[in-house]
Amino acid sequence: RGRVLSRAQSEKLFSGELNSMGARERGTYRKMSAAELTEALFPEYKCLALLANLAVAPAARGSGLGRRLCARCDEAADDWELP
């Protein structure tokens, strides 16, 4: 069973790992996507895109704004090569 890390938890995990490396070793990871980097450094974790707590103001409801925001998030996940 998996657990979802907050942004702060994820950043702390990555920062700690990357800060423990020398510049040359860090350079080997420089061009990896977030998913590839996670797989390489933390194979016990999986990098996923997660949209949480989306809300649309009452005045904007029914305008398709929520649908467009979700679509943009899907595009960003694709750009970042995340499932």
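All residue numbers in this chain count up from 1 along the given sequence. Hydrogens, waters and symmetry mates play no part in the numbers below; they use all other heavy atoms, side chains included.
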| query | Honestly curious: do F42 and L48 fall in one hydrophobic cluster under the side-chain, below-4.5 Å linking rule? | reply |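 No, it is not one cluster - the side chains of F42 and L48 are not joined through contacts under 4.5 Å.
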| Co-members of the apolar cluster containing W80 [side chain, <4.5 Å] |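 Other cluster members: L82.
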| field | Taking every non-hydrogen atom, the tightest pair across G66 and L54 | value |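 Looking at all heavy atoms of both residues, the closest pair is O-CD2, 4.0 Å.
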| Which atoms form the tightest heavy-atom contact between A60 and S63, and what is the distance? |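 Closest approach of A60 to S63, heavy atoms only: O-OG, 2.6 Å.
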Interatomic distance, [X] atom [atom1] to [Y] atom [atom2] [nearest 0.5 angstrom]:
| X | Y | atom1 | atom2 | value |
| --- | --- | --- | --- | --- |
| K31 | E36 | NZ | CD | 12.5 Å |
| D79 | D74 | CG | CG | 11.0 Å |
| T38 | E44 | OG1 | CD | 10.0 Å |
| S6 | K12 | OG | NZ | 10.0 Å |

| message | I'd like to check the side chain to side chain contact (heavy atoms under 4.5 Å, CB included) partners of L41; sequence neighbours left out, ordered by chain and number. | response |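 By the side chain to side chain contact (heavy atoms under 4.5 Å, CB included) rule, L41 matches F14, E17, L18, M21, Y29, L37.
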| So do the side chains of L65 and R68 get within less than 4.5 Å of each other, counting heavy atoms only? |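 Side-chain contact under 4.5 Å: yes.
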| query | Do the side chains of R3 and L5 get nearer than 4.5 Å, heavy atoms only? | reply |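 Heavy-atom side-chain distance check passes, below 4.5 Å.
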